[in-house]
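Report on one structure; see the data block that follows.
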Amino acid sequence: MSKLTPDAELDLLFAPSVIPQAIRDALPADLHIRPLAKSDYTRNHLPLLSILSPAPDPGPAAYAAHFELLRSAPQTYFTIVIVAPATDRIVAVGTVFLERKFTRGLGVVGHIEDIAVDNTVQGKGLGKRIILALLGISEAMGCYKTILNCSDANIPFYEKCGFAKKENEMAKYA
Ligand code: ACO
């Protein structure tokens with residue numbers, strides 16, 4: 001029995017139609033893909049992200065305020081989730097955010113961030129579907145390239161998604 005909350009009842013980060021139709025059509029019937037919702041605090045969003053990086057609980061009010069901050073930057077933050085209707089919990093998540101540059105004729109670059117697939121459903125193609133959906137959004141928004149940082153262990157995964165290694169990452173933590 002489905003416990004899925006319909007998209008129409010959710011406060012979403014952006015319009016569901018931005019997610020490529022081909023990706024939505026290809027998803028198995030027991031899964032649903034949609035934009036992040038303001039109420040996804042209750043649907044496993046932060047625990048899922050914590051497999052990737054520490055994601056301490058800020059509480060529901062701070063989560064909602066953060067969601068509004070992201071949404072206030074139009075056409076910039078695109079976080080998508082795959083939800084299991086049987087539980088209404090998020091099992092995969094990923095983001096592309098758009099950087100508007102002065103170079104490349106006011107070009108736009110897509111940055112893919114915070115990809116996580118629940119341990120229980122890894123290896124079933126969900127990570128690749130998330131990446132292909134984010135690439136579709138990035139390209140539809142006019143990005144001339146889409147980039148990301150990853151560990152050596154994840155290079156084969158991103159190669160399977162069409163990426164190639166280029167240059168190096170530098171980091172300075174506060
Ligand atoms: N090594 C080699 N191949 C891999 C690996 C790997 N580590 N991971 C996936 N693949 C291959 C799969 O075999 C599959 O190949 P196929 O198309 O030939 O069948 C293809 O890549 C797609 O795999 P998926 O099943 O879509 O991968 P999954 O759903 O497990 O998602 C992910 C991969 C996101 C890395 C997942 O394992 C995960 O959440 N890991 C923990 C968090 C993490 O490392 N996230 C990425 C951080 S980088 C970033 O956020 C930009």
Side-chain angles (χ1 to χ4, degrees), residues 1-20 23-24 26-99 110-138 140-141 146-151 153-154 157-158 161 173-174:
M1 187 174 133
S2 176
K3 294 181 179 172
L4 184 73
T5 306
D7 287 3
E9 293 177 16
L10 294 169
D11 200 2
L12 299 173
L13 188 57
F14 57 91
S17 58
V18 173
I19 298 173
I23 300 285
R24 288 188 280 161
L27 204 63
D30 60 344
L31 294 170
H32 178 65
I33 189 166
R34 62 162 170 76
L36 185 74
K38 194 171 179 179
S39 54
D40 280 340
Y41 174 82
T42 62
R43 295 189 185 87
N44 195 41
H45 182 206
L46 299 180
L48 177 55
L49 283 176
S50 71
I51 67 172
L52 173 63
S53 203
D57 183 355
Y63 181 96
H66 194 70
F67 179 95
E68 288 296 355
L69 187 64
L70 299 189
R71 194 163 55 175
S72 70
Q75 299 196 349
T76 301
Y77 291 102
F78 297 91
T79 297
I80 59 176
V81 297
I82 294 177
V83 180
T87 58
D88 204 25
R89 284 166 67 85
I90 297 170
V91 293
V93 64
T95 295
V96 61
F97 78 88
L98 306 194
E99 174 199 6
H111 296 261
I112 286 184
E113 291 283 342
D114 297 343
I115 307 299
V117 176
D118 191 278
N119 294 328
T120 60
V121 288
Q122 287 179 8
K124 296 178 184 288
L126 300 192
K128 191 170 178 181
R129 286 174 200 272
I130 290 276
I131 295 296
L132 295 182
L134 296 175
L135 283 173
I137 293 172
S138 184
M141 292 290 159
T146 305
I147 57 179
L148 59 85
N149 294 324
C150 72
S151 64
N154 281 334
F157 166 69
Y158 287 110
C161 296
Y173 287 80

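Quick caveat, the model's predicted, so the values are computed rather than measured.
A donor-acceptor distance shorter than 3.5 angstrom exists from the side chain of D88 to the backbone of T5, with no hydrogens or angles considered. Side chain of E113 to main chain of T95: no donor-acceptor pair is present (N/O by atom type, distance under 3.5 Å, no hydrogens or angles). Not one N or O on the side chain of S138 forms a donor-acceptor pair closer than 3.5 Å with the backbone of L135. Looking at T76, its side chain does come within 3.5 Å of a backbone N or O of P74 through a donor-acceptor pair.
By the salt bridge (Lys or Arg N to Asp or Glu O under 4.0 Å) test, K38 is found to be paired with E68, residues two or more places apart in sequence or in another chain being considered. Here E99 pairs with K101, H111 under the side chain to side chain donor-acceptor pair (under 3.5 Å) rule; sequence neighbours left out.
Closest approach of L12 and A37 over heavy atoms only: CD2-CB, 3.9 Å. Across all their heavy atoms, A92 and L126 have their closest contact at CB-CB, 4.3 Å. I115 and I112 get closest at one heavy-atom pair: CD1-CG2, 3.6 Å. For the pair R24 and S17, the tightest heavy-atom approach, listed with the atom from each and the gap, is NH2-CA, 3.6 Å. For the pair I33 and A133, the tightest heavy-atom approach, listed with the atom from each and the gap, is CD1-CB, 4.3 Å. Of all heavy-atom pairs between G94 and I130, the closest is CA-CG2, 3.8 Å.
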Subject >> Candidate pair V93 and T79, rule side-chain contact (heavy atoms from CB on, under 4.5 Å), full reasoning >> reply: CA-CA 7 Å; V93 64; T79 297; 3.9 Å; yes
**OP:** Could you give me the CA-CA distance, side-chain angles and deciding distance for V18 and M141, then say whether side-chain contact (heavy atoms from CB on, under 4.5 Å) is met?
**Re:** CA-CA 9 Å; V18 173; M141 292 290 159; 4.1 Å; yes
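To the nearest 0.5 Å, the span separating OG1 on T42 from OH on Y63 amounts to 8.5 Å. Here the straight-line distance linking atom NE2 of H32 with atom CG of L27 works out to 9.0 Å at 0.5 Å rounding. A distance of 11.5 Å separates CG in D30 from CG in L4, rounded to the nearest 0.5 Å.
With a 4.5 Å cut-off on side-chain heavy atoms, I131 and F157 count as touching. Here the side chains of F14 and L70 are not in contact, with every heavy-atom distance at 4.5 Å or above. Within the 4.5 Å cutoff, side-chain heavy atoms of D57 are placed close to those of Y41. For the pair D40 and V81, the minimum side-chain heavy-atom distance is below 4.5 Å. With a 4.5 Å cut-off on side-chain heavy atoms, I82 and V121 do not count as touching. Proximity of S39 to D11: side-chain heavy atoms (C-beta onward) are nowhere separated by under 4.5 Å. Residues T146 and L134 are not in side-chain contact: their nearest non-hydrogen atoms beyond the backbone lie 4.5 Å or more apart. Inter-residue side-chain proximity for L10 and R34 is flagged as met; some heavy-atom pair is nearer than 4.5 Å.
Between R89 and D118 there is no salt bridge, since no side-chain N of the basic residue sits under 4.0 Å from a carboxylate O of the acidic one.
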Can you give each donor-acceptor pair under 3.5 Å made by side-chain atoms of residues 49-56, sequence neighbours left out, with the distance rounded to 0.1 Å?
from: S50; atom 1: OG; to: P47; atom 2: O; distance (Å): 2.5

